[in-house]
Amino acid sequence: MRVTQVVAHIDLFALGGASLVLVGWSVAAMLLVGWCYTRGLRRIRRHPQGRRLHRWRPFALVGALVVVLAVMLPPLGTLAEARLSTHMAQHMMLILVAAPLLALAAPGQALLAGMPFEVRRRVVAVVHRLPPSVLCAPLLAWALHVGAVWFWHLPAPYEAAVRSDAAHLLEHATFLGTAWLFWWHLATLSSRRLRGPAAVLYMVAAIPPGAALAAVLTFAGSPIYEAQAATTAALGADPLLDQRIGGLVMWVPMDLGYILVAVLLFNRWFKGMQQSGTAVAVPPDPASPHRSAHRSSSSVGVRS
């Protein structure tokens, strides 16, 4: 079946009351985040510490918000309710595009600065009660990210997300939140950022779990999700073929994305090792002008 025929069977803007409310709240939340970030950015730009925030980071936040809205709103949001392959495309956009952009944006400082004083005071009080040594541990971030991907692709949670708009929204929020925490360890401005072999291993270790899940979807002999298969069959498409395409949509971008980042991290670490090794191996030139001048002044002092 052609894609145009599938789209023709779907009313892209036929949202029910509950869906419309959830979409409305989601859009309002995105706009509120953008407003707080812009307001806070104006404040910290006047502070010396605000210079640490690179000028391209606000564009990363705008890109993340645009991707999140594109995932939730029609036509992609409506098509994902009927096709597993489109549903997987939603997940990959959140995990591989929106979450890294959100981590690169480093919005925490600007968001806090843009909040009203009373709200900011309460948020800071809550954050101070949390154990940062545990919440910011790379192993925990990795486990939450991998665990969220596996949990929401188990039959029961996945079927709940297909049937319930609230569960679907919670699914997306979980993907975005855990993936942001995963990427945060590679993009943060703080000293907690992973570097060198630790960063490479961190990325490489996330490949096998995702590939195993994608392989299950790709090579399954029958549809795994009954509710999703029913909606796909109602469009006249083959549910098993759609599921296999969905597995490939998860498999290829996720593996390629993680491998590419791991290669970039390794290349950056290797170049840094080469530069530091060159600096140590090359001794200072004894014939340098500074040393020659020092010798001349020493000899004059001795003769006098």
Side-chain angles (χ1 to χ4, degrees), residues 3 6-7 26 30 60-105 141-142 144-155 157-158 161-162 167-187 202-220 224-225 228 231-232 237 239 241-264:
V3 176
V6 173
V7 174
S26 302
M30 296 297 103
L61 179 67
V62 173
L65 296 179
V66 169
V67 172
V68 172
L69 290 177
V71 164
M72 298 177 57
L73 297 178
L76 185 60
T78 308
L79 286 170
E81 296 178 1
R83 300 293 297 266
L84 186 145
S85 56
T86 313
H87 205 161
M88 293 302 108
Q90 275 188 317
H91 298 171
M92 293 303 99
M93 289 178 66
L94 289 173
I95 293 172
L96 300 177
V97 183
L101 287 174
L102 187 61
L104 288 172
W142 183 92
L144 289 175
H145 171 54
V146 172
V149 172
W150 264 91
F151 172 79
W152 283 109
H153 288 95
L154 295 175
Y158 187 94
V162 172
H168 201 180
L169 183 62
L170 178 61
E171 176 192 45
H172 288 174
T174 305
F175 282 145
L176 183 62
T178 57
W180 165 76
L181 186 60
F182 174 81
W183 289 103
W184 178 85
H185 286 278
L186 301 173
Y202 182 74
M203 288 301 307
V204 172
I207 297 175
L213 177 59
V216 171
L217 297 176
T218 304
F219 298 113
I224 298 176
Y225 312 113
Q228 189 79 79
T231 57
T232 303
L241 177 60
D242 184 63
Q243 177 178 289
R244 289 174 175 173
I245 294 175
L248 292 175
V249 169
M250 174 187 290
W251 201 339
V252 177
M254 183 175 285
D255 280 12
L256 288 180
Y258 288 172
I259 291 173
L260 176 61
V261 174
V263 170
L264 293 176

Would you indicate whether the side-chain heavy atoms of [Y] and [X] approach each other to under 4.5 Å?
X    : Y    : answer
W142 : P209 : yes
L256 : L260 : no
W251 : L213 : no
R83  : T231 : no
L104 : W184 : no
H168 : H87  : yes

Could you tell me the separation between the CE atom of M88 and the CD1 atom of I95, rounded to the nearest 0.5 Å?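 Here the interatomic distance stands at 9.5 Å.
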Non-hydrogen atoms of [X] and [Y] that approach each other most closely:
X    : Y    : result
T218 : L248 : OG1-N, 3.6 Å
A214 : G247 : CB-O, 3.5 Å
Q243 : I224 : OE1-N, 2.7 Å
A82  : T232 : O-OG1, 2.9 Å
W183 : L96  : CZ2-CD2, 4.5 Å
L186 : Y202 : CD2-CD2, 4.0 Å

H145 and H185: aromatic ring centres closer than 6.0 Å?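 Ring centroids of H145 and H185 are no less than 6.0 Å from each other.
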Measure up the F182 and Y258 rings against each other and bin them: parallel (under 30°), tilted (30 to 60°), perpendicular (over 60°).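 Rings of F182 and Y258: tilted, 30 to 60°.
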[X] side-chain N/O to [Y] backbone N/O, donor-acceptor pair under 3.5 Å:
X    : Y    : answer
D242 : L84  : yes
E171 : A161 : no
W152 : F175 : no

Using the side-chain contact (heavy atoms from CB on, under 4.5 Å) criterion, which residues pair with V97? Sequence neighbours excluded.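 Partners of V97 under the side-chain contact (heavy atoms from CB on, under 4.5 Å) test: V67, L101.
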